[in-house]
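Presented below is the structure to which this report refers.
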Protein chains: 2
Amino acid sequence: MKNLPDKTVERLSQYRRSLNNQLTKGKTNIFSHELAHLLHITPVQVRRDIMLIGYSGTLRKGYDIKEMINLIGKIIDTDEGQRIAVIGMGNLGKAFIHYLHEKGSKLKIVASFDVNPDKTDKTYAGVHCYHFDRLAEIVKKEEINIGIITTPPEVVPQIADKLVEAGINGILNYTPKPLSVPDEVYLEEYDMITSLEKVAYFVKHRD
Amino acid sequence: MKNLPDKTVERLSQYRRSLNNQLTKGKTNIFSHELAHLLHITPVQVRRDIMLIGYSGTLRKGYDIKEMINLIGKIIDTDEGQRIAVIGMGNLGKAFIHYLHEKGSKLKIVASFDVNPDKTDKTYAGVHCYHFDRLAEIVKKEEINIGIITTPPEVVPQIADKLVEAGINGILNYTPKPLSVPDEVYLEEYDMITSLEKVAYFVKHRD
DNA sequence: TATTCCCTGTTAAAAATTTAACAATAATTC
DNA sequence: GAATTATTGTTAAATTTTTAACAGGGAATA
């Protein structure tokens with residue numbers, strides 16, 4: 001499959017979640033306008049995304065929910081499921097682990113890291129916390145290929161270097177410290193303060 | 001000032017943070033390419049954003065850091081500073097409070113809410129946690145105008161309703177449950193699982 | 001069986017965002 | 001003081017994303 005647009009990929013993840021939800025409610029088919037309504041987007045956008053992934057619904061019956069869930073899985077997930085590490089076991093790191101814990105997602109957080117001895121060598125929601133010194137070792141052993149960084153910003157560049165060195169393929173940086181990594185590593189950054197200041201701006205300038 | 005593009009607003013927040021950082025290092029002026037380098041974006045983008053906010057640097061000396069910080073403040077902040085509430089005192093809520101605690105930001109988290117009696121009537125990092133039943137009362141008393149939702153997804157719609165009813169002007173929804181609010185309320189949504197699945201997708205399809 | 005209606009799939013247009021191109025000009029060099 | 005260099009500000013082009021428009025066709029209706 002040709003590479004999908006960024007935004008479509010984001011929505012696929014959300015479609016899947018909504019669809020799973022509908023499935024548990026006993027629904028088997030869904031119209032573009034229904035799915036759109038659930039995500040508060042437009043039906044056209046739904047249909048366009050579905051077109052891009054090469055799926056087809058049936059006229060007047062909409063889309064088969066199970067089929068769509070499976071297809072999205074084929075697009076996003078790998079067969080083995082990707083294995084993830086969280087670096088930094090503060091509140092944000094814990095939130096992540098907690099978030100992924102219940103879901104039947106293919107994404108598995110299999111290790112966490114910290115330097116604080118109060119946190120290392122303990123297990124939180126089924127995820128063991130190792131000392132950061134053991135990063136390379138554990139990444140290899142556990143076949144981790146994605147890292148989520150939730151540490152204080154000062155140490156982010158070194159952490160990223162270590163992750164890349166250890167052979168990770170994707171990084172999700174949740175700190176306010178912008179990062180750059182080699183081209184072959186996929187990087188996604190998100191800054192909580194920025195999104196809050198964005199809200200502040202648009203609240204101030206609304207009308 | 002005419003309304004700025006979404007993305008420019010996001011970057012302004014990041015410029016300011018970087019600039020403050022440079023200021024503490026004793027730097028007084030900065031070139032577009034330097035600022036660009038700090039955020040890992042292009043110099044053109046920096047210059048264009050600066051153009052949009054109507055600021056000018058001086059040729060060969062770059063931009064005056066203090067002036068820019070002040071200007072960005074005038075654009076994003078209000079004189080009194082906006083007052084924020086966090087709804088849901090789980091790990092994510094705590095992360096937010098912690099994050100904003102140290103910063104000299106104009107944004108102030110002045111209250112938090114939960115329904116769990118283990119959490120209510122306590123203070124975390126200087127922020128008092130009230131029972132959710134008191135939302136309307138406290139929002140009024142504390143003149144809160146922005147709410148951050150970090151609760152379990154099931155209860156999000158009711159919470160949003162209550163926030164809107166209480167007269168809030170902006171909502172930052174961190175749950176995976178899409179929300180819709182009246183037009184006069186600014187809504188920003190962010191979904192941690194989605195961004196993780198996005199990384200997973202691009203890692204899988206990289207090159 | 002003809003007609004209407006609803007919903008999909010897709011192409012085309014519009015809007016938002018990023019990137020490129022370059023003119024202007026102050027400082028520096030020769 | 002002429003030529004070169006570095007850096008800004010801005011217009012234009014390219015890219016990405018969203019929205020609109022509408023043809024097609026199966027189901028329902030009559």
Side-chain angles (χ1 to χ4, degrees), chain A residues 1-15 19 22 27-65 67-68 71 178 180 187-189 194-195 198 201-202 205, chain B residues 1-15 19 22 27-65 67-68 71 178 180 187-189 194-195 198 201-202 205:
Chain A
M1 163 133 353
K2 62 273 154 204
N3 265 21
L4 299 168
D6 252 64
K7 300 288 178 177
T8 295
V9 173
E10 289 177 17
R11 283 189 296 266
L12 286 182
S13 161
Q14 298 178 303
Y15 293 148
L19 290 170
Q22 295 302 304
K27 222 164 150 42
T28 60
N29 286 79
I30 195 165
F31 295 129
S32 63
H33 66 261
E34 293 176 305
L35 189 47
H37 184 74
L38 289 169
L39 306 209
H40 303 117
I41 59 178
T42 66
V44 204
Q45 200 157 49
V46 171
R47 293 206 301 278
R48 213 174 185 297
D49 286 335
I50 289 174
M51 183 191 89
L52 289 175
I53 65 175
Y55 182 62
S56 290
T58 43
L59 210 45
R60 289 232 161 192
K61 298 209 88 185
Y63 304 97
D64 183 294
I65 293 181
E67 282 180 16
M68 243 185 102
L71 178 55
S180 77
L187 173 66
E188 171 87 6
E189 305 199 286
T194 287
S195 57
K198 187 178 171 190
Y201 171 86
F202 283 107
H205 294 79
Chain B
M1 163 134 351
K2 61 274 155 202
N3 264 22
L4 299 168
D6 253 63
K7 300 289 178 174
T8 295
V9 173
E10 290 178 17
R11 282 189 298 265
L12 286 182
S13 161
Q14 298 179 301
Y15 293 149
L19 290 170
Q22 294 302 304
K27 223 164 151 38
T28 59
N29 287 78
I30 195 165
F31 294 129
S32 63
H33 65 262
E34 292 177 306
L35 189 48
H37 184 75
L38 289 169
L39 306 210
H40 302 118
I41 59 177
T42 67
V44 204
Q45 200 158 48
V46 171
R47 294 207 300 279
R48 214 175 184 299
D49 286 335
I50 289 174
M51 183 190 90
L52 289 174
I53 64 175
Y55 182 61
S56 291
T58 43
L59 210 43
R60 289 229 161 194
K61 298 210 88 184
Y63 304 97
D64 184 295
I65 294 180
E67 282 180 17
M68 244 186 101
L71 179 54
S180 76
L187 173 66
E188 170 86 9
E189 305 199 285
T194 287
S195 57
K198 187 178 171 191
Y201 171 86
F202 283 107
H205 294 79

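Order of the sequence lines sets the chain letters (A, B, ...), proteins ahead of strands, with each chain counted from 1.
The CZ atom of F31(A) sits 11 Å away from the C1' atom of dT8(C) (whole-angstrom rounding). Between I30(B) atom CD1 and dT7(D) atom P the separation is 13 Å, expressed in whole Å. For the pair E10(B) CD and dT17(C) C1', the interatomic distance rounds to 12 Å; values are reported in whole Å. Rounded to an integer number of Å, the gap from CD1 of I50(B) to P of dT11(D) is 17 Å. dT10(C) atom P lies 10 Å from atom CG of L52(A), rounded to whole Å. The nearest whole Å value for the distance from the NE2 atom in H37(B) to the C1' atom in dT7(D) is 18 Å. Atom-to-atom, CG of L39(B) to P of dT18(C) comes out at 13 Å; the value is rounded to the nearest Å. Between H33(B) atom NE2 and dG9(D) atom C1' there is a gap of 16 Å when expressed in whole angstrom units.
Taking all atoms of both residues into account, the shortest heavy-atom contact from F202(B) to D6(A) is CZ-OD1, 3.5 Å. What you find for T194(B) and E10(A) is that their closest heavy atoms are CG2-O, 3.5 Å. The minimum heavy-atom distance linking A36(B) with P43(B) is given by the pair CB-N, 3.4 Å. Residues N29(A) and E34(A) share a closest heavy-atom pair of O-OE1, 4.4 Å.
Phosphate proximity of dT8(C) to S56(A): absent, as no side-chain N or O sits under 4.0 Å from OP1 or OP2. For dT8(C), the OP1/OP2 oxygens have a side-chain nitrogen or oxygen of S32(A) closer than 4.0 Å.
Looking at residues two or more places apart in sequence or on another chain, you find a side chain to side chain donor-acceptor pair (under 3.5 Å) between D49(B) and T8(B), R11(B), Y15(B).
Partner I30(A) forms a side-chain contact (heavy atoms from CB on, under 4.5 Å) with one of H37(A), K61(A), Q22(A) and no other, that one being Q22(A).
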Q | Reading 5' to 3' through nucleotides 16-25 of chain D, protein heavy-atom contacts under 4.0 Å coded B for base, S for sugar-phosphate only, - for none | A | -SSBBB--BB
